[in-house]
Amino acid sequence: MSDNQTGLAPNAANNNRRFSKKIKMQVSTTDKLISVAIYIVFSLFAFICVYPFYSIIINTISANDLSAKGEIVFLPKGIHFQNYIDVFKIPGLWNAFVISLGRTVIGTLLTVGASAFLGFMFAQEDMWGKKFWYRFTIITMFFNAGIIPWYLTMRSLHLTNNFLAYILPSIVAPFFIILVKTFVESTPKELQQAASIDGAGTFTIFYKVILPISKPILATVAIFSAVNQWNSFQDTLLLVTDSKLYSLQFILYNYINQASSLSTMVNLQNAGSTAIASLSTKQTTTSIRMTVTIIVVAPILLVYPIFQRFFVKGIIIGAVKG
Amino acid sequence: MRIHSMRSNSIRKFLYISPFMVLLAIFAYYPLYGWVYAFFDYMPPIPLSQAPFVGLRWFRSLVENQVKVDQLLQVIKNTFGMSGLSILFSWLPMIFAIFLTEIKAVRFRKFIQTVTTLPNFISWVLVYSLAFSMFSSEGVVNGFLSQIGLIDSPVLFLQNSDHVWITMWIWATWKTLGWSAILYIAAIMSIDESLYEAAYVDGATRMQVIRHVVLPSMLPTYFVLLMLQIASFLNNGLEQYFVFQNAFNKDTIQVLDLYVYNLAMGGGSYSVSVAISMLKSLISVVLLFSVNGLSKMLRGEGIV
């Protein structure tokens, strides 16, 4: 991104810069109207995408009674940070944080390792039954038994209330394998051949040649995988009843639900009465719910701007193949 | 001798990946064994080995038991409604990409793209949490509306049983629109510059360029994505509908995936649930093959 280009930002839309040197463009009124409409619509949509996050952040640092009444709309009022200290006093939240972090770190490491190795191996010409095993892997993207059969068989393998249930099923990930395989196939064959002539075995080639050159695609896989692990909710829902293994996502869901049933109850009992709306218990549900929301979403918000280009690269490589 | 060693080498390579194939067999293929529950009268905690074999009873109950038929019809209606809506508007990401790339201010365009892609990376639980903070009775929107005096009592957006299909579609669109557009943006970026130049030399207006240059170059991508979407018609997923489900909207929000979940985990009817699951998976495979065949017929290559 060069800064001098953006200097002419507002009017540049009227001016197709790409061709302005060669052809003097006739800017008709319709074209101008289209430009204005495009700017307005996209700005609105961007606002809709950002505002919910912004709103919750300013609510968590505003006075809790005001935020419970929904009075914090554009700017924070009565700024304080007590919520972020108090929220970790809730029994189970710190534990859930550790579980979510643990599954993200361990799961991502294993998934990246396995995807790198399998992507590399499926790019080999001379593996026994290569075509069959590759199909065996890829088909699972399009076909599954269904969640209840999955739940029943996982239970029979004693993977309920077991931390391994968060890790093991995601290790072999067909989509990531495709990404790595496509990448490895695009690298010069000579690299591997040269190493092989020097007497390097499969593992040495993988470790010394493939891993170093695959860093960009492995970064993409790592980010995707970490986001998946952090966001995962369904496996806790189906397989875990032991609160020590609850993930942050699951805890957040429980808090919203409590708040939901509470507010519904209050609303049905005292329709329209604002005196009841400032009940202290109700306030804390709102502030706790919002603060936990920010804690759950914070890692994504922090990581996202830095890694956005990896996401984009990943989906494009995946699409070329898929 | 040489051939022998090459062969043993290729088998050794297979042995290296075999542990992973075992993992895959356990977590992606073994669950198919769970389908046997559909042929038994399974009532936990009695183990499957002691449950009576009932043959096709559960499958027959899906068409014979009137209560179940009505329920299932409603669920299928919801599934078709929600999947239908998203297929009906499947061109939105393409339009989004076209007009986004029309923005010539690079920094503004990058900003829009970054910001609109963000919601794709948060979980449905978080989406629900945002929705709740915005639209619950004490949420920001109700607070704002009552502040400016438009309403006296809060509008119950989330407990509403009307328009559930549309609100679910809106949330899904909010979450995925920016992300889905990326593929099309990549397609637009790879259009040959000379095509544009030729069009402008011929005196084409902006809309004409979009119609005759940009749009045609994206249709192949659109076609493939549409086919994949049709193939997964029955697989709406569980999470979105599960988190947004409540006592008020239950009838109109239950898609097949959620219904199957509620039957088993809520009602304990594992066997019926597995039977429906099984039919769903089989129909999905048939759909995938048909769509793949259609694609081969129309464009000479499959989609998978």
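Reminder, nothing fancy here: chain letters follow the sequence lines and each chain counts from 1. If you're wondering where the values come from, they're calculated on a predicted model, not measured in any experiment.
Looking only at distances, a side-chain donor or acceptor of B:Trp35 sits under 3.5 Å from a matching main-chain atom of A:Ala145. Judged by distance alone, with hydrogens and angles left aside, the side-chain atoms of B:Tyr128 form no donor-acceptor pair with the main-chain N or O of A:Ile256 at under 3.5 Å. No donor-acceptor distance shorter than 3.5 angstrom exists from the side chain of B:Ser277 to the backbone of A:Ile148, with no hydrogens or angles considered. Put simply, the side chain of A:Tyr151 never gets that close to the backbone of B:Met265: no donor and acceptor are under 3.5 Å apart. Checking side-chain atoms of A:Asn231 against main-chain N and O of B:Phe121 turns up a donor-acceptor pair under 3.5 Å. A distance-only check finds no donor-acceptor pair linking the side chain of B:Trp174 to the backbone of A:Phe45 [under 3.5 Å].
Dense packing is recorded around OH of A:Tyr54, with more than 12 heavy atoms of other residues, nucleotides or ligands lying under 6.0 Å away. Heavy-atom contacts from other residues, nucleotides or ligands closer than 6.0 Å to CZ of B:Phe289 number 12 or fewer.
With a 4.5 Å cut-off on non-hydrogen atoms, B:Thr117 touches chain A through its backbone and its side chain both. With a 4.5 Å cut-off on non-hydrogen atoms, B:Tyr42 touches chain A through its side chain but not through its backbone. Contacts of B:Ser273 with chain A are made by side-chain atoms alone, with heavy-atom separations under 4.5 Å and no backbone atom involved. Of the atoms belonging to B:Leu177, it is side-chain heavy atoms, and not backbone ones, that fall under 4.5 Å from chain A.
Heavy-atom pairs under 4.5 Å with chain B peak, among A:Phe250, A:Tyr51, A:Trp230, at A:Tyr51. Ranked by heavy-atom pairs shorter than 4.5 Å toward chain A, the options B:Leu100, B:Ile182, B:Val36, B:Leu23 are led by B:Leu100. Chain B forms more heavy-atom pairs under 4.5 Å with one residue of A:Leu237, A:Val41, A:Ile139 than with any other, namely A:Leu237.
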List the steps, then state whether side-chain contact (heavy atoms from CB on, under 4.5 Å) holds for A:Thr137 with B:Met21.
CA-CA 8 Å; A:Thr137 309; B:Met21 294 300 105; 3.6 Å; yes

When you look at B:Phe27 and A:Val172, which way does the side-chain contact (heavy atoms from CB on, under 4.5 Å) test go after all the steps?
CA-CA 9 Å; B:Phe27 293 110; A:Val172 182; over 6 Å; no

side-chain contact (heavy atoms from CB on, under 4.5 Å) assessment of B:Lys13 paired with A:Trp128:
CA-CA 7 Å; B:Lys13 281 186 176 167; A:Trp128 179 75; over 6 Å; no

Let me see the working for B:Leu228 and A:Phe142 under side-chain contact (heavy atoms from CB on, under 4.5 Å), right down to the final yes or no.
CA-CA 10 Å; B:Leu228 283 175; A:Phe142 299 99; 4.1 Å; yes

Go through it in stages, so that I can follow the logic: the residues are A:Phe233 and B:Trp124, the test is ring pair (Phe, Tyr, Trp, His ring centres under 6.0 Å), and I'd like the CA-CA distance, side-chain angles, deciding distance and then a yes or no.
CA-CA 9 Å; A:Phe233 168 72; B:Trp124 275 111; over 10 Å; no

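Of the candidates B:Phe96, B:Phe99, B:Phe111, A:Phe42 forms a ring-ring contact (aromatic ring centres under 6.0 Å, His included) with just one, namely B:Phe96. Each of B:Ile122, B:Val125, B:Leu126 was scored for a side-chain contact (heavy atoms from CB on, under 4.5 Å) with A:Val296, with one residue passing: B:Leu126.
Between A:Phe74 and B:Phe144, the angle of the ring planes goes over 60°, which puts this pair in the perpendicular group of the 30/60° scheme.
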